[in-house]
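Notes follow the structure.
Protein chains get the first letters and strands the later ones, always in sequence-line order, with residue 1 at the start of each. A quick note: this is a predicted structure, and the numbers were derived from the prediction, not measured.
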Protein chains: 2
Amino acid sequence: MKVINDLEKAEDLNMQLNYYDKEDQVLLAVDCIIFGFDKENLKILLIKRNFEPEKGRWSLIGGFLKKNENLDQAAVRVLNALTGLTDIYMEQLYTHSKIDRDPGQRTISVSYYALIDVESHKFDGIQIDSARWFELNEAPNLIFDHNEMIQRAIARLRRRALTNPIGFELLPEKFTMRQLQNLYESILDKKLDKRNFINKINSLDVLIKLDEKDMTVSRKGAYLYVFDKDKYQKKVEEDGFIFKI
Amino acid sequence: MKVINDLEKAEDLNMQLNYYDKEDQVLLAVDCIIFGFDKENLKILLIKRNFEPEKGRWSLIGGFLKKNENLDQAAVRVLNALTGLTDIYMEQLYTHSKIDRDPGQRTISVSYYALIDVESHKFDGIQIDSARWFELNEAPNLIFDHNEMIQRAIARLRRRALTNPIGFELLPEKFTMRQLQNLYESILDKKLDKRNFINKINSLDVLIKLDEKDMTVSRKGAYLYVFDKDKYQKKVEEDGFIFKI
DNA sequence: TCAAAAGTGTTCGCACTACACCCATGG
DNA sequence: CCATGGGTGTAGTGCGAACACTTTTGA
């Protein structure tokens, strides 16, 4: 009896000390799906790998989680290292863990998506020469399970854009109604009625119409708008207002 | 020139061989938020830990990813090991990576949520004696970031239940309209109008009304229904039908 | 006969949809 | 003066919300 108790104690202690020791460790990667909008079309940023494995093929930008950071920080670091971008909207998406997803070594990858306005972000990044924007439906075949990651990101973006004002992350600060509509048409991949769209947006009452016009596209010029973040926040806090297009 | 090329080649080779070697490895855990419904209320299953660290405190059930499985498989294995449950609806939720979330060792945890009908699953699991169902708002304070995981799971369940027929995972095969309504009221945490609810459900046209009645609750008895999965699937495939309550 | 839950329809208002013409301007 | 994109309003319809009484039957 005593012996058994001691044995149990010893095992308990052993368990406590080595609780984690017998478990398998893995490499944890972060891959970023970077959506960009250039006032016309929704695109994604891809890089041609100049390193192994799969050197020369197109892929999402990615990197590995380090001991001294969390995943959000890793995603920001990876994005910044390869594009020079900072202060970008990013959101965790999904964790991919198929056993052979990376043939080089067992790697689990957490995907993030980022939203940026293409034109107001000219890259100072290291790897610019090997990075390129692709139309959503013209993207090349990618390494590993990166195609699947993109599909998942598109689905998420589609849902999110309908109930959260994240669309504005993809536009310059000042934008025209037409640009906003183009954006939503790109995201949802369908045509919207101009009048209905404007009515709906206006009824949300979170845009400020400026006196300024964008004269670059038409003769008449189109009024510029800005998204009123404060007003939006107040509405959410006060009425439980939900942004819904 | 030649020298540089050779050097580059050597570095390339080195990079290829050791590409993953210099990266930090981490422990990857899986934690399960198990929702159950007992015809009245929505609950979650928690266990009192009989092992270190945090022995004696309540937590989600969890375990570590092994080399020979993916995360979905790990979640199923962990759920089964601790409850004996099989064939349960599970879905990946979010990956938690705060640096000190587990003080014992740097651990990243992927949360999953599971949906089960409490009464038709009597546990044969190993750790039954230390497991208990809690009402959502009576759950004790949990270890690590498990409270946050639950909050995220509730939010997801709420959204999902409105557009996917996952609610039925929480009910027995045969159920009454009142039970279905109770379920949705629990998930959404608000009262619904009886007539409107029934009209809405009937308009979806995915339930089969049986001739059988549940006589256990009222004198009059209430008709039993079953969810018609095939009909639902056909609708989705044919019309792009979306389940929406 | 009464208590307790089940079952059943209608009205109203709002939000979504469809739809076409004039405006302002630069070339 | 004309070509180009910008801007505007309304009528009809369908859906969600509010709402109360009758039925059944076991105790």
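In this structure A/Glu135 satisfies the side-chain contact (heavy atoms from CB on, under 4.5 Å) test together with A/Asn41, A/Lys43, A/Asn137, A/Glu138, sequence neighbours excluded. In this structure B/Glu148 satisfies the salt bridge (Lys or Arg N to Asp or Glu O under 4.0 Å) test with no other residue, sequence neighbours excluded.
Atom CZ of B/Arg219 is separated from atom P of D/dT25 by 13 Å (rounded to the nearest Å). Atom-to-atom, CZ of B/Phe197 to P of C/dG9 comes out at 18 Å; the value is rounded to the nearest Å. Taking atom CD1 of B/Ile245 as the reference point, atom P of D/dC15 lies 16 Å away to the nearest angstrom. When rounded to the nearest whole Å, the span between CG of B/Leu180 and P of C/dG7 equals 13 Å. Atom NZ in A/Lys200 sits about 7 Å away from atom C1' in C/dC16, given to the nearest Å. One atom, CG of B/Leu162, and another, C1' of D/dG16, lie 14 Å apart when rounded to the nearest Å. When rounded to the nearest whole Å, the span between CD of B/Gln179 and P of C/dG7 equals 11 Å. The interatomic distance linking A/Met215 (CE) with C/dT25 (P) rounds to 7 Å, in whole Å.
Across all non-hydrogen atoms, the minimal contact from A/Tyr89 to A/Glu91 is OH-OE1, 2.6 Å.
Electrostatic pairing of A/Arg178 and A/Asp214 does not count as a salt bridge here, judged by no charged N lying under 4.0 Å from a carboxylate O.
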Output one line per pair: protein atom, nucleotide atom from nucleotides 6-9 of chain D, and distance, for all N/O pairs under 3.5 Å.
from	atom 1	to	atom 2	distance (Å)
D/dG6	O3'	A/Gly221	O	3.4
D/dG6	N3	A/Lys220	NZ	3.4
D/dG7	OP1	A/Tyr223	N	2.9
D/dG7	N7	A/Lys194	NZ	2.9
D/dG7	O6	A/Lys194	NZ	3.0

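At a cut-off of 3.5 Å, with distance as the only test, a side-chain donor of A/Asp31 or A/Ser109 sits close to an acceptor on the other residue.
In this structure, CD1 on B/Ile44 lies 9.5 Å from CD1 on B/Ile34, to the nearest 0.5 angstrom.
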